[in-house]
Amino acid sequence: PVHNYMIGLAYLNGIDVEIDYERGISLITDAANCNLAEAKKELINIYTKGIGISIQYKTALQWTDKLIAQYKELLKTDETYGIKLTAECMDKYNLMVLMGEGTNGEAALLDALNYSSYLPVLERVHTSISIYMTLASIYEKQKAAEYPLVEQFMHYEEIKMAGIPSLIKAEELAMSHKDIPELASLISYLLAGIYAWYFSMDNQEKVEEYSEKVMSFCKEYYPEGLKDFKEYREMDILHQKIDWTTLDGIEEYLDLYLNNIEKKNLQKNAPRELIKFVSDLSDIISYIEHTSARDKLLKFEKYICKFIGIFESIPLNESSSDILKIRTRLYTVAAGFEKAKGNITTEFTLMNNSRLLCKEIYLRNKNE
């Protein structure tokens with residue numbers, strides 16, 4: 001198995017031989033079927049990134065489950081596999097996100113939370129807080145799925161409350177380790193996240209409580225986070241001033257939002273956080289397109305172009321289906337701008353980009 005694995009890698013990477021993806025993958029698969037963990041790990045990488053073949057998340061997930069099962073057996077005699085299991089369970093969840101099934105990733109995250117006890121203290125606390133924050137979003141989406149889309153707004157507070165218990169667990173864990181300097185940034189981000197959660201629910205009492213918590217913590221443990229949070233609150237205030245019937249105030253909000261991204265050089269980290277925001281912007285544009293407010297549409301062109309640049313910074317094989325769908329939408333909207341200006345060649349290019357992404361999404365769904 002080890003020999004097959006090494007020769008397979010040689011064919012995969014063209015080391016002293018001509019690149020032959022089919023033969024390389026075949027040899028690595030033989031090694032994986034003989035229970036070589038390194039080969040299983042390589043197959044996960046191959047099918048996730050589409051090395052020599054199309055991206056096949058379902059197959060990658062199957063090999064991930066096999067690797068996790070193998071590590072569980074090895075853990076019985078070697079505790080170092082607890083660390084590896086934490087990483088593999090997290091990778092499983094991330095793979096499910098790429099498949100558009102993140103809402104079903106609760107079990108993988110809970111497993112990761114369980115095995116995180118094998119990590120060193122700093123890494124354990126950091127990992128656990130991140131998992132609790134992700135679980136909060138999952139529980140919110142699961143609760144929302146209990147209601148038809150048209151009824152979700154009526155149950156908005158109940159839906160948001162579903163994530164609160166996980167956030168409180170994260171807060172309790174975080175504050176019990178607040179004296180660890182390496183955790184200061186994460187803790188301030190967590191507290192700001194809880195503040196934002198309550199802000200979205202319009203729970204002013206909790207908004208003020210967590211606003212004070214963030215500022216108090218930052219003053220004592222993370223001074224550089226104080227300025228960031230004040231800017232964050234400024235954005236919230238602008239967001240509250242938006243008149244959604246006339247669309248007044250949206251430009252000021254978008255200007256501040258994008259300015260913060262550019263100023264802090266967050267382009268590469270921004271897309272994941274921007275998914276919901278850009279999705280909302282697309283809804284706004286769709287609304288404008290289907291109302292008498294079409295004359296207001298062109299003012300959004302510069303924002304669409306900036307968002308396209310941000311989302312294009314993510315390699316295709318690292319883009320989830322949600323990101324690809326948003327990119328498709330952005331290309332289509334941008335093409336509409338170019339058509340209005342008579343730039344047919346640019347319009348065609350953008351529509352072709354949209355078409356190619358639709359094909360990629362179709363192929364992924366087909367493979368899964």
Side-chain angles (χ1 to χ4, degrees), residues 1-15 17-74 81 83-109 111-112 115 134 138 271-272 275 311-328 356-368:
V2 174
H3 176 76
N4 281 345
Y5 170 62
M6 298 303 293
I7 298 300
L9 285 179
Y11 277 111
L12 210 62
N13 297 290
I15 302 173
V17 292
E18 289 289 328
I19 289 179
D20 187 334
Y21 290 118
E22 184 176 353
R23 188 170 183 183
I25 293 172
S26 177
L27 287 166
I28 293 171
T29 302
D30 287 343
N33 284 326
C34 290
N35 224 26
L36 186 68
E38 294 90 336
K40 293 177 184 176
K41 186 74 175 173
E42 185 61 33
L43 287 177
I44 295 168
N45 184 53
I46 288 169
Y47 287 109
T48 299
K49 295 183 178 179
I51 300 174
I53 52 171
S54 61
I55 290 175
Q56 297 178 34
Y57 292 138
K58 186 176 181 180
T59 305
L61 187 62
Q62 290 170 348
W63 282 110
T64 300
D65 284 334
K66 291 178 181 180
L67 185 59
I68 288 174
Q70 183 176 356
Y71 282 168
K72 284 182 178 179
E73 284 298 312
L74 293 169
Y81 281 94
I83 296 175
K84 292 185 177 182
L85 274 166
T86 305
E88 290 306 322
C89 290
M90 291 295 292
D91 286 347
K92 179 178 179 178
Y93 168 73
N94 291 329
L95 187 54
M96 294 179 75
V97 170
L98 288 172
M99 296 172 67
E101 296 182 8
T103 307
N104 300 320
E106 176 187 357
L109 287 174
D111 280 343
Y115 293 119
T134 306
I138 287 178
R272 187 175 177 182
I275 290 177
F311 278 84
E312 284 181 337
S313 69
I314 317 178
L316 192 64
N317 57 19
E318 296 176 16
S319 297
S320 66
S321 295
D322 287 340
I323 288 178
L324 293 186
K325 289 174 183 176
I326 287 175
R327 276 180 63 179
T328 300
L356 291 173
L357 287 183
C358 285
K359 182 179 179 181
E360 174 67 21
I361 295 169
Y362 166 76
L363 289 173
R364 289 185 184 185
N365 291 337
K366 183 180 179 182
N367 288 328
E368 291 158 14

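Positions are given from 1, in the same order as the sequence printed here.
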- Query: So, do Thr48 and Tyr57 sit near enough that their side-chain heavy atoms are less than 4.5 Å apart?
  - Reply: yes
- Item | Side chain proximity check, Leu357 to Leu316, heavy atoms < 4.5 angstrom | yes
- Task: Give me the one residue out of Ile25, Thr64, Leu61, Ile55 that meets side chain to side chain contact (heavy atoms under 4.5 Å, CB included) with Tyr47.
- Result: Ile25
- Item | Check: Glu22 main-chain N/O paired with Ser26 side-chain donor or acceptor under 3.5 Å | no
- Item | With sequence neighbours excluded, residues passing salt bridge (Lys or Arg N to Asp or Glu O under 4.0 Å) with Lys84 | none
- So do the side chains of Lys66 and Asn35 get within less than 4.5 Å of each other, counting heavy atoms only? no
Side-chain donor-acceptor pairs under 3.5 Å in residues 1-10, sequence neighbours left out?
none

- Query: Do the non-hydrogen side-chain atoms of Glu42 and Ile46 ever get within less than 4.5 Å of each other?
  - Reply: yes
- Checking Glu106 side chain against Ile138 main chain: does a donor-acceptor pair fall under 3.5 Å? no
- Item | Intermediate values then yes/no, side-chain contact (heavy atoms from CB on, under 4.5 Å), Tyr11 and Ile19 | CA-CA 5 Å; Tyr11 277 111; Ile19 289 179; over 6 Å; no
- Message: The criterion is ring pair (Phe, Tyr, Trp, His ring centres under 6.0 Å); which residues satisfy it with Tyr71, sequence neighbours excluded?
- Response: Tyr81
- Query: Are the side chain of Asn45 and the backbone N or O of Lys41 linked by a donor-acceptor pair below 3.5 Å?
  - Reply: no
- Note on the structure: Value for CG (Leu95) from NZ (Lys58), rounded to nearest 0.5 Å, stands at 12.5 Å
- Looking at CD of Gln62 and CD of Gln56, how far apart are the two atoms once the value is rounded to the nearest 0.5 Å? 9.5 Å
- With a 4.5 Å limit on heavy-atom distance, are the side chains of Met90 and Leu109 in contact? yes
- Query: How long is the gap from CD1 on Ile68 to CH2 on Trp63, to the nearest 0.5 Å?
  - Reply: 14.0 Å
- Task: With rounding to the nearest 0.5 Å, note down the distance linking CG in Leu324 to CG in Leu356.
- Result: 11.5 Å
- Note on the structure: Closest non-hydrogen atoms of Ala112 and Thr86, given as atom of the first, atom of the second and distance, are O-CG2, 3.7 Å
- Query: Is there side-chain contact between Ile44 and Asp91, with at least one heavy-atom pair below 4.5 Å?
  - Reply: no
